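Okay, structure first, notes after.
No experiment lies behind these values; they were computed from the predicted model shown.
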Amino acid sequence: MNKHVSPRMNRRAFVIGSATLGAGLAIGLDIPFGGPAVVRAADGSPEINAWVVVRPDDTVVIRIARSEMGQGSLTGLAQLVAEELECDWTKVTTEYPTPGQSVARKRAWGDFSTGGSRGIRSSQDYVRKGGATARVMLIQAAADGWKVPASECTAANSVITHTPSGKTTTYGRVAEAAAKLTPPADVKLKDPKDWRLIGKGVKRLDTADKTTGTMIYGIDVKLPGMLNAAIKDCPVFGGTVKSFDEAKITDMKGVKKVVKVGDTAVAVVADTWWHAKTALEALPIVWNEGDNAKVSSESIAKWLTEGLDNEQPAYVGNKNGDAKAAIAGAARKIEAVYNYPYQNHATMEPMNATALYTADKCEVWCGTQNGEAAFAAVLEASGLPAEKCDVHKVMPGGGFGRRGMTDYVRQAVAIAKQMPGTPIKLLWSREEDMAHGRYHPITQCKMTGAFDANDNLVALHYRLSGQSILFSLRPEALQNGMDPAAFQGFAQSGEAAFGYSVPNLLIEHAMRNPHVPPGFWRGVNVNHNAIYMECFMDELAHAAGQDPLEFRRKLMGNHPKHLAVLNAVAEKIGWSQPAPQGVYRGIAQVMGYGSYVAGAAEISVTDGSKIKVHRIVASTDPGYVVNPAQVERQIAGSFVYGLSALFYGGCTVKDGRIEQTNFDTYNSMRINEMPKVEAVMVPSGGFWGGVGEPTIGVAAPAVLNAYFAATGKRIRSVPLRDQNITFA
Amino acid sequence: MANLTINGKTFTLDVEPDTPLLWAIRENAGLTGTKYGCGIAQCGACTVHIDGVATRSCGISVSEAEGKRITTIEGLAAGGTLHKVQEAWIAQDVPQCGYCQSGMIMAVAALLNEKPKPTDADIDEAITNICRCGTFQQVREAIHTIASA
Ligand code: FES
Ligand code: FES
């Protein structure tokens, strides 16, 4: 049993009744809801099904496959199960099944991946069924015991009542019998209007340990005999290790071993991490930097600018009418070029993983957004089969997309493999974390809008040029070479649909992939696309001499849900009334991750360069809101993340490597710079949209549009620090 | 070797005098509630109290901390009773990932010691910790709740 788990997140291994080992990760999703053989948790309590364990004292253990990383999904998912289970919420606890256990049970818990704001929306259906199935079985077991029809029994708060006689029993008392029943083939989920727990801002289940220093993050994992590793990967992406002079540091205090990690990195293993890091800094390493060492931000920008040229090849992501012809024949046209830089996730806790490798087992303890991807990485890096590997998830100190990657897991296993039997905790320094991110992709966008003689917008042409994430990370998801995700917020339909109707529209992407590795960074392509779309929409409104809100409204008649959230922020911020003296407003909307969002900001500007953000209003329509208190926190947090990137972010490239090294050169907003975010939730029901990411898209354009309102000056480049604009 | 007084206990630790206090606390004393975020006194994740003053422990050496009273997040609760800041953090669900919160709580506890009823301006000046999850709004509200109790 792992001692380093906190009590609310009891992740003890559970014993598998009839062990059937899966063939690997290729098994399709087959979510069983119980079966004839009783499966028991480690403490002997029966599993009603894969999602629900009931202990004799009525404690309900809800299994969570997705990862908690601060966004609150652990609590939200437990609410979904508990809603259908009709259990006593005060007796709910949670645990993570491991990916190894899931594979051994033919992926009993489905997908572990926690990105794309999918934690709730992609699993809500089957986790609710898990809860409903367990409830039906528990009621049936009670009815069998009383020899009455189950239809005469009801359940609430973990108590089952036989209505005609008034007899009662509890879930804990019938759990054993329920676990032996054959699960019902089909269960009916509650009508949303009958929800009692879904929609309630109940407290998170994982808070207490985070206030006492007892929550265990990856960096805190301790195993008997464990050593610590610090690592340096070639600072030029794509470069390799040529040589290193380990004799120079082998006598340094605490140093145990110096190892090469793959072709590209060197690690020092020592008794403490501080010793490992100190020795690593003293280690002379020679790199083969290769041609990438010639790349700079300037050379990348030049290459991207070439892609803005209409003569260059491009993928068409959305189109109607003939935009080029309409622009050529228009009474008037407006053109602007914008750009958005690389960004590092800069999770508060740098990347780390602890690995223990022996000849017949490899286990890893780490924070990860994707337990199954980490598991696959362990298989690959260790060379051991699935039944000899496992991953134990611990709380990550932030994810934001970075911990969906498995580079740090592979490295930890590669080091541990060179020291069999010794657990190795690999921790990146902040500097290593800045140098080896999976960066928000770099793009530019040229936009052209055309008006007829009456200032009606008749054509719109967006030409994106820049990096594709899927090209690098999921080439199998490209469609004839095109990256569909590059058009997030610009799509014709679906979960990231464009919210304006323009008679002639062309949105295209000239793909340019520099050597800097891209990644999914909270909000992903919505971040830059929303700036391009919404700042340029503001430019068009200004050119047409119209109010930015009214101008948008006229184009949004066919997009009522997009319009509803925009109207919601306009009303809340008081758009129809003048702003306070010296205060200016900006507004923006976008759709992403299946949710409609809008934002409005009130700012004042001193000397053209000092911005004070006075007020932010943000609205979202995610279909259903599971936990409004957590949704509110996600919205506020997304603005801090998005505005930090706008004001202070931006990773630049020199000699093939990232120039920023720590929070002194890649700063993050502080409390004094951030106003309260007033969240307006307008869930319209009938669909399940994401929450963690969408609102980040409107943070930057709302502020940039307000800056124009205040100064008459357009900012078309991020970050603001490059233009000597900062917080007042 | 260094003698450090942490949370009222004396630790005799096998560390070089120039070791940052943060790593002596985490790795030698084994108290991992204090977090590493930057190592250059920028983020505040490593904040502890030294003689009652909020201090970024990555920025001072073990030798500078010897002979002083060091309090970490583990030592904030007195005699099994949570500190009022911890209680408020739980009551208002302040943490998201929670990684910055040990340092945040230590910084807030020190502020409230000095100014039991801080204004927004006092908060802005004293609380300069980074929180990448963006919990600032909850932090501010929780401070005001404590102050008005
Ligand atoms: S780790 Fe000390 S301030 Fe960041
Ligand atoms: S709660 Fe995650 S960094 Fe502050």
State plainly whether the residues Asp124(B) and Arg670(A) are in salt-bridge range, i.e. N to O under 4.0 Å.
no
What part of Asn228(A) gets within 4.5 angstrom of chain B, counting heavy atoms only: side chain, backbone, both, or neither?
side chain
For Val202(A) and Asp93(B), which heavy atoms make the closest approach, and how far apart are they?
O-OD2, 4.4 Å
Top contributor to chain A contacts, counting heavy-atom pairs under 4.5 Å, from Gly33(B), Gly37(B), Gly30(B), Cys131(B):
Gly37(B)
Grab the two heavy atoms, one from Cys97(B) and one from Pro396(A), that are nearest each other, plus how far apart they are.
CB-O, 3.7 Å
Measure the CG-CG distance between Asp220(A) and Leu31(B) for me, rounded to the nearest 0.5 Å.
11.0 Å
If you compare all heavy atoms of Ala636(A) against all heavy atoms of Gln137(B), which two are closest, and at what distance to 0.1 Å?
CB-OE1, 3.5 Å
Contact leader toward chain B among Gly637(A), Gly398(A), Gly399(A), Gly72(A), where contacts are heavy-atom pairs under 4.5 Å
Gly637(A)
Heavy-atom pair count under 4.5 Å with chain A, highest-scoring of Val85(B), Ile40(B), Asn129(B), Thr128(B):
Ile40(B)
Honestly, the part of Ser644(A) sitting under 4.5 Å from a heavy atom of chain B is side chain
What's the shortest heavy-atom distance between Arg132(B) and Ala346(A), and which atoms?
NE-O, 3.0 Å
Looking only at Met104(B), Glu125(B), Glu141(B), Lys35(B), most heavy-atom pairs under 4.5 Å shared with chain A are made by Lys35(B)
With only heavy atoms counted, which part of Met69(A) is less than 4.5 Å from chain B, the side chain, the backbone, both or neither?
backbone
So which heavy atom on Asp14(B) is nearest to which on Lys253(A), and how close?
OD1-NZ, 3.2 Å
Rounded to the nearest 0.5 Å, how far does CG of Asn672(A) lie from CD1 of Ile127(B)?
11.0 Å
Looking at Ser638(A), Pro350(A), Pro675(A), which has the largest count of heavy-atom pairs under 4.5 Å with chain B?
Pro350(A)
Chain A contact via Trp23(B) - which portion, at a heavy-atom distance below 4.5 Å
side chain
If one checks every heavy atom of Thr19(B) against chain A at 4.5 Å, the contacting part turns out to be both
Need one label for Phe400(A): side chain, backbone, both or neither, based on atoms under 4.5 Å from any heavy atom in chain B.
side chain
Could you tell me which of Glu16(B), Gln101(B), Gln92(B) has the largest number of non-hydrogen atom pairs under 4.5 Å with chain A?
Glu16(B)
For Leu22(B), which atoms come within 4.5 Å of any heavy atom of chain A: side chain, backbone, both, or neither?
neither
Taking the side chain from Arg633(A) and the backbone from Gln96(B), do they hold a donor-acceptor pair closer than 3.5 Å?
no
Top contributor to chain A interface from Glu27(B), Gln138(B), Gln42(B) [non-hydrogen pairs under 4.5 Å]:
Glu27(B)
Using atom types as modelled and distance alone, determine if a side-chain donor or acceptor of Tyr36(B) lies under 3.5 Å from a backbone N or O of Ser429(A).
no
Under 3.5 Å donor-acceptor, Gln86(B) side chain and Thr211(A) backbone:
yes
What residues of residues 70-81 of chain B sit under 4.5 Å from chain A when only non-hydrogen atoms are counted?
Ile73(B), Glu74(B)
Residue pair Cys38(B) / Glu431(A): nearest heavy atoms and the distance that separates them
O-OE2, 4.2 Å
Quick check for you: among Gln71(A), His345(A), Lys210(A), Met669(A), which has the greatest number of heavy-atom pairs under 4.5 Å with chain B?
Lys210(A)
Count the heavy-atom pairs under 4.5 Å between each of Met434(A), His275(A), Lys203(A), Gln630(A) and chain B, then report the option with the highest count.
Lys203(A)
Max heavy-atom pairs within cutoff under 4.5 Å with chain A, candidates Gly98(B), Cys43(B), Ala91(B), Ala41(B), goes to Gly98(B)
Take the angle between the ring planes of Tyr217(A) and Tyr99(B) and call it parallel below 30°, perpendicular above 60°, tilted in between.
perpendicular
Among Thr347(A), Leu427(A), Thr278(A), Asn662(A), which residue forms the greatest number of heavy-atom pairs with chain B at distances under 4.5 Å?
Asn662(A)
Between the side chains of Asp120(B) and Lys676(A), is the shortest nitrogen-to-carboxylate-oxygen separation below 4.0 Å, so that they form an ion pair?
no
